[in-house]
Structure formats: C-alpha cells, structure tokens
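Accompanying notes for the structure given below.
Just so we're on the same page: letters track the sequence lines, and every chain starts at 1.
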Amino acid sequence: MLDRKLLQRRPEVVAAALAGRGSSLRVEEFTARDERRRSLLAQVEALRKERNSISALVGEKKQKGEDASSLVDRMSGVNNSIRELSRDLEEAEAGLEAWMLQLPNIPHESVPPGRDERDNPVLHSWGTPPVFSFPPKEHWELAAGLGGLDFDRGAKLAGSRFTLYLGWAARLERALVNFFLDVQTREHGYREILPPLMVNARTMTGTGNLPKFAEDLFKIEGRDYYLIPTAEVPLTNIHADEVLDEALLPLAYTAQTPCFRSEAGSYGKDTRGLIRQHQFTKVEMVRYTHPDASFSELERMRGHAESLLQRLELPYRVVTLCAGDMGFASAKTYDLEVWLPGQDKYREISSCSNCGDFQARRANLRFKPAGGGKPEYIHTLNGSGLPVGRTLVAIMENGQREDGSVALPKALIPYMDGVEVIAGAVSL
RNA sequence: GGAGAGGUAGCGAAGCUGGCCGUAACGCGCCCGACUCGAAAUCGGGUUGUCCCGGAGACGGGGCACGUGGGUUCGAAUCCCACCCUCUCCGCCA
C-alpha cells in the first residue's frame with residue numbers, strides 16, 4: 001500500500017511510477033475518491049461533535065432532575081443525518097481502500113526502466129558454465145535413467161505439476177534443506193522459524209498476495225485458509241499490528257516450507273520436470289529493517305543467496321529487474337539466475353526484493369524510534385535462499401556425466417552420508 | 001465438541017450498579033532531570049494510536065478506537081445478540 005499523503009501531495013510521482021510499471025490505474029481516480037471521502041468525513045465529524053455536546057447537556061440536565069426532552073428531540077434529527085452520511089462515508093472509505101490495494105509499489109530510483117525481462121541488465125556473473133563432451137541432458141531426462149523422480153505417479157496421485165520423489169531424490173531434497181538452513185542460521189544470522197502453512201486472508205493481504213492475486217493461490221473450501229505460496233507470507237506477517245523497539249532491528253528470519261501455487265497463468269510453460277510445480281520446497285529469507293538501511297540490507301541478503309549457489313559450485317548471474325518486470329510489492333528486486341546446461345540458458349532460482357514500507361503499511365508493521373517519537377513503518381525484504389526443487393535441477397544438470405550419473409557438489413556430501421555420485425546403482 | 005473464565009496503552013492490571021475514566025487508577029518498562037566520580041538504589045517529571053481541519057513549524061481545534069461486527073439508549077468499556085481469539089477442565093485425536 002502506498003502512502004495516502006504521497007498520493008495527495010505528489011500525484012505526478014505516483015503516476016510516473018505506475019506508467020513505468022505498465023499499470024493502467026490512473027491517479028486521478030484516487031484524487032476524486034479521496035476528495036469525496038474527506039468531504040463526507042468532515043460532515044460526519046461535525047455532526048458527531050454536535051451529538052457529543054448535546055449528549056453532555058442531556059446528562060447535566062438529567063442529573064439536576066431537569067427536563068431534557070427538547071434536546072432529545074433535536075438529537076434524533078442529528079442521529080438520522082449521521083446514520084445516512086456514515087453509510088456514504090463507509091462506502092467511500094471501502095472504495096478508496098479497495099482501489100489503494102490494487103496499486104503496486106513504486107520502483108526505487110535505482111531501478112532501471114524497461115518493459116519486461118528482456119530489459120533486465122546483468123549486474124554480474126559467477127562461475128563458468130561447464131563444457132561437456134556430449135550433449136547435456138535436461139534433468140527429467142537424467143531422472144529417467146536414475147529414477148528418483150516419478151512424474152507419472154505424481155500425476156496419478158494428485159495431477160499435473162506434482163512429482164513423487166523416491167530414494168536419492170527425496171534424500172537430496174532433505175540434504176539441501178538442511179544445508180541451506182545450516183548456512184542461514186549458523187553463518188548468516190537468520191532465526192529459524194516453522195510457520196503455519198495455511199494463513200488467513202488478512203495475512204495474505206499483508207504481503208500483497210490478496211486481493212489482486214487470488215488466482216495464484218490455493219484456498220481451503222469454506223474456510224478462511226489459504227495455502228502459502230511462499231514462507232514470505234507468514235514470515236513477513238509475524239509482527240503484524242505490532243510496534244517493535246528500534247533496537248530489535250534488523251530482524252532476520254528463515255524458514256523451509258512447502259510452497260503451493262496454482263500456476264493459473266502458466267499453462268503450457270515448463271510442463272515437464274520440476275521447474276514449475278504446484279508444490280515445492282523453499283528456504284526463504286525475510287528481513288525487517290530500519291527504513292534507512294533497507295537498500296544496503298538488500299545487497300547483504302542478495303549476498304546470502306549468492307553464497308549458497310557458490311558453495312554448491314553452480315554458475316549463475318545476477319540481474320536487476322527493470323520497472324516493468326518487478327513484482328507487485330517490490331521497490332527493487334534482484335533475480336539470481338542459475339545456469340542450466342540441459343536448457344542451455346540461465347533460469348531464475350532466487351528473487352531478492354526490498355518492499356520498502358509497502359507491506360508494512362498493509363500489515364501494520366511499525367517500530368518505535370529509539371530517541372522517542374511517533375511509530376514509523378518498518379521496511380521488509382524477502383529472498384529465496386533457495387528453492388529446493390530448482391536447486392536440485394541445477395545440481396543434476398551441472399553435475400551430469402556422460403554415463404548419465406551425477407556428481408554432487410562437495411558441500412552436500414556430508415549431508416548425503418558420503419555419497420559423491422548419484423548413479424543408477426545408488427540406493428539411498 | 002461440552003462447561004467455565006477472559007480479551008482495556010509496549011507489558012501486567014483496575015474500571016464493568018451506563019454520563020468529567022480513556023491524553024485510562026496502580027505496577028513494570030521506556031525517556032528527561034536530581035542525587036553520585038560513575039553506576040545501582042532512591043526521589044521528581046514525562047510517555048496511546050490514528051484520521052480530518054488550520055498552520056512553514058512549535059502547536060491548536062475536532063472525530064474515532066476498551067477483541068470484531070451489530071443492537072438498545074439522548075449517551076455504551078459498562079446492558080443485549082452474533083462471531084473471532086486466549087486460558088482452565090472434560091471428551092476426542094497424531
């Protein structure tokens with residue numbers, strides 16, 4: 001949610017930002033709605049003031065035992081007006097609120113302009129894509145020889161975009177989760193959280209997943225429960241409606257959770273393999289920071305994600321998302337793209353965003369400044385560190401050998417009971 | 001699911017025979033000051049949020065908020081109804 005004051009005082013700033021994002025919302029609509037709301041509010045408040053003073057007079061008279069019936073008569077007229085105008089005011093407020101919830105965040109000034117992913121500049125690259133003496137396979141082709149990933153039975157059990165992991169693949173999934181959490185908690189200072197996997201609409205609204213993106217979510221029928229599409233949702237809402245001491249900042253949380261996504265808009269995309277699933281495991285990072293620190297904290301958090309890829313010896317590059325390609329709630333986003341030899345291209349594996357105060361306004365996340373003063377909105381950041389399925393894909397494709405086996409990164413071997421190579425004969 | 005208790009400021013807690021008690025008693029915490037070489041202890045003072053109007057600003061005027069939403073009433077933290085959540089006991093359950 002954007003600051004109403006900003007929309008009131010500098011509508012041109014918001015208009016320019018919306019245009020840069022390719023949004024069709026028009027700021028003039030805010031102005032019209034807000035003016036109507038404020039005019040109604042002024043009327044209602046004046047009437048309420050009158051009601052309060054009459055009511056006080058009635059109280060005095062009654063206490064003295066005097067007759068107050070003329071005042072009581074006058075009050076019924078005032079009350080009727082209040083009732084009518086309040087109804088209009090409520091409608092105006094609700095309409096404005098609904099409109100505001102549709103507004104995306106404003107890109108930070110350092111965000112490059114652009115329409116879509118083709119306009120995302122590469123910040124830097126790490127590692128060298130491996131050279132193979134044979135045509136590298138995609139991960140699902142490798143899995144056909146190695147077992148471990150049973151796409152057919154996943155589909156039988158649940159449907160398309162569900163996969164059954166067996167043996168080494170299930171074990172590798174668990175190894176990656178443990179590896180990621182160990183690094184994040186021991187070395188990067190994150191506190192491990194195990195949040196609910198279902199949350200209510202209020203929580204989904206806090207992060208910006210509702211009301212606009214209901215289509216992307218799985219909802220429990222007949223109940224106010226939604227399956228989380230990422231741990232960002234519960235982690236960012238942990239302190240909703242709280243006022244934290246400034247001394248607590250920055251807070252850093254991590255959690256590994258299944259993520260559930262309907263993938264409603266992606267029919268036909270990535271239909272084979274693990275790249276795009278309805279359910280996948282992800283380790284997420286969330287940071288709550290002082291407003292002055294959020295952009296430096298974004299760099300730090302991106303470093304945490306990069307560190308994981310480096311330890312896994314996976315070549316990647318970092319791109320800065322252009323204004324037109326950024327997510328709804330983000331003020332600035334870096335994507336980490338890992339090299340996939342089977343696809344012969346870089347594919348997104350981590351997204352690190354600074355949402356500024358956008359989510360904090362929705363979720364009512366504030367801190368009390370150390371020197372005293374009014375509560376201020378916290379800045380929230382989130383990043384994947386890392387999604388487990390896509391990491392498993394990258395490990396398979398980058399570590400593949402001519403015989404169809406897969407050499408594991410050294411960092412994972414302790415987590416795999418010393419197994420160094422996944423081959424057909426491996427039994428885990 | 002059944003029975004009972006409760007949801008008030010950052011935290012704890014009073015108020016709940018309806019009207020100067022909601023800038024909300026009292027306690028803790030926090031901030032400023034005194035004492036001290038300094039600190040602790042002690043003493044004095046301060047400390048809700050939000051929205052609207054006016055003002056460059058210090059600030060001034062007003063509305064709202066006692067879990068949420070309704071209702072009764074001239075007037076509701078206080079009475080009534082529904083719902084949500086927490087705690088205790090019972091039942092059921094991994």
Side-chain angles (χ1 to χ4, degrees), chain A residues 1-10 30-101 194-206 210 220 222-226 234 237-249 251 258 288 290 357 360-378:
Chain A
M1 188 119 73
L2 297 185
D3 183 7
R4 282 187 186 182
K5 291 276 185 301
L6 179 69
L7 277 149
Q8 286 164 0
R9 290 173 189 158
R10 308 284 307 280
F30 169 83
T31 310
R33 285 180 180 279
D34 189 51
E35 275 168 10
R36 171 166 164 73
R37 172 191 143 254
R38 283 196 278 177
S39 141
L40 284 165
L41 184 62
Q43 295 173 60
V44 169
E45 288 192 354
L47 285 165
R48 282 179 180 157
K49 181 180 179 184
E50 192 178 349
R51 178 177 67 186
N52 289 342
S53 58
I54 295 176
S55 177
L57 284 176
V58 172
E60 278 178 37
K61 291 216 173 204
K62 290 246 166 143
Q63 241 150 23
K64 290 183 195 156
E66 295 172 14
D67 174 49
S69 54
S70 67
L71 287 172
V72 172
D73 288 347
R74 200 172 132 205
M75 190 69 115
S76 76
V78 173
N79 273 335
N80 283 336
S81 306
I82 290 179
R83 217 187 313 278
E84 281 175 34
L85 283 170
S86 296
R87 207 169 292 138
D88 295 344
L89 177 62
E90 248 175 71
E91 255 180 56
E93 291 269 20
L96 181 65
E97 177 81 1
W99 190 86
M100 295 283 291
L101 286 173
L194 199 162
L197 305 181
M198 292 187 265
V199 300
N200 57 34
R202 165 66 163 73
T203 298
M204 282 293 180
T205 306
L210 286 178
I220 304 299
R223 307 206 54 164
D224 185 25
Y225 293 153
Y226 295 82
N237 281 284
I238 287 177
H239 298 290
D241 292 320
E242 294 182 21
V243 181
L244 302 175
D245 284 332
E246 181 178 339
L248 289 172
L249 304 178
L251 285 169
Y288 294 67
H290 189 281
D357 64 8
R361 286 178 190 283
R362 292 176 162 243
N364 196 22
L365 295 168
R366 296 178 297 171
F367 72 94
K368 183 94 173 161
K374 293 284 180 195
E376 292 179 41
Y377 287 110
I378 289 168

Pick the [atom1] atom in [N] and in [M], then give their distance to the nearest Å.
N: G69(B); M: G7(B); atom1: C1'; result: 16 Å
N: G45(B); M: C28(B); atom1: P; result: 14 Å
N: A34(B); M: U48(B); atom1: C1'; result: 28 Å
N: G10(B); M: A3(B); atom1: P; result: 35 Å
N: A24(B); M: A40(B); atom1: C1'; result: 32 Å
N: C66(B); M: A77(B); atom1: P; result: 7 Å
N: G71(B); M: U78(B); atom1: P; result: 14 Å
N: A76(B); M: G63(B); atom1: P; result: 14 Å

Would you kindly give the [atom1]-to-[atom2] distance between [X] and [N], to the nearest whole Å?
X: Asn200(A); N: U68(B); atom1: CG; atom2: C1'; result: 13 Å
X: Ile82(A); N: G62(B); atom1: CD1; atom2: C1'; result: 14 Å
X: Gln43(A); N: G62(B); atom1: CD; atom2: C1'; result: 15 Å
X: Arg223(A); N: C85(B); atom1: CZ; atom2: C1'; result: 14 Å
X: Glu50(A); N: G75(B); atom1: CD; atom2: P; result: 13 Å
X: Leu40(A); N: C53(B); atom1: CG; atom2: C1'; result: 15 Å
X: Phe367(A); N: G49(B); atom1: CZ; atom2: C1'; result: 16 Å
X: Arg38(A); N: G54(B); atom1: CZ; atom2: P; result: 9 Å

Minimum-distance nucleotide (side-chain atoms of [X] versus [options]):
X: Glu45(A); options: C51(B), C74(B), G49(B); result: C51(B)
X: Lys368(A); options: C53(B), G49(B), G62(B); result: G49(B)
X: Pro375(A); options: G49(B), C74(B), C52(B); result: G49(B)
X: Leu41(A); options: G49(B), C52(B), C74(B); result: C52(B)
X: Lys5(A); options: C52(B), C74(B), G62(B); result: C52(B)
X: Asn52(A); options: C64(B), U50(B), C74(B); result: C64(B)
X: Lys374(A); options: C53(B), G49(B), G63(B); result: G49(B)

Please classify the nucleic acid contact of [X] as base, sugar-phosphate, or nothing, using heavy-atom distances under 4.0 Å.
X: Arg366(A); answer: sugar-phosphate
X: Ile54(A); answer: nothing
X: Arg37(A); answer: sugar-phosphate
X: Asn79(A); answer: sugar-phosphate
X: Lys61(A); answer: nothing
X: Asp245(A); answer: nothing

Any side-chain heavy atom of Met100(A) within less than 4.5 Å of one from Leu7(A)? yes
Is the shortest heavy-atom distance from the side chain of Ile378(A) to the side chain of His239(A) under 4.5 Å? no
For Asn200(A) and Asp224(A), which I'm curious about, is there any donor-acceptor pair between the side chains at under 3.5 Å? no
Starting from the 5' end of RNA chain B, give me the residue, Ala46(A) or Glu93(A), whose nearest nucleotide shows up first. Glu93(A)
Taking for each residue the nucleotide of RNA chain B with the nearest heavy atom, is it Ala56(A) or Glu90(A) whose nucleotide lies nearer the 5' end? Ala56(A)
[X] side chain to [Y] backbone, donor-acceptor under 3.5 Å:
X: Ser81(A); Y: Gly77(A); value: yes
X: Arg366(A); Y: Lys374(A); value: no
X: Asp3(A); Y: Lys5(A); value: yes
X: Asn237(A); Y: Thr203(A); value: yes

Distance check: side-chain N/O of Arg51(A) vs OP1/OP2 of G75(B), anything under 4.0 Å? no
Using both pair distances under 3.5 Å as the test, note the stems of at least 3 consecutive Watson-Crick or G-U pairs that include RNA chain B. B:1-7 with B:84-90, B:10-12 with B:26-28, B:29-34 with B:42-47, B:48-54 with B:59-65, B:67-71 with B:79-83
Determine the minimum heavy-atom distance between [X] and [Y], stating which atoms define it.
X: Gln8(A); Y: Arg37(A); answer: NE2-NH1, 4.4 Å
X: Ser86(A); Y: Arg48(A); answer: OG-NH2, 4.0 Å
X: Tyr377(A); Y: Phe367(A); answer: O-CE2, 3.7 Å

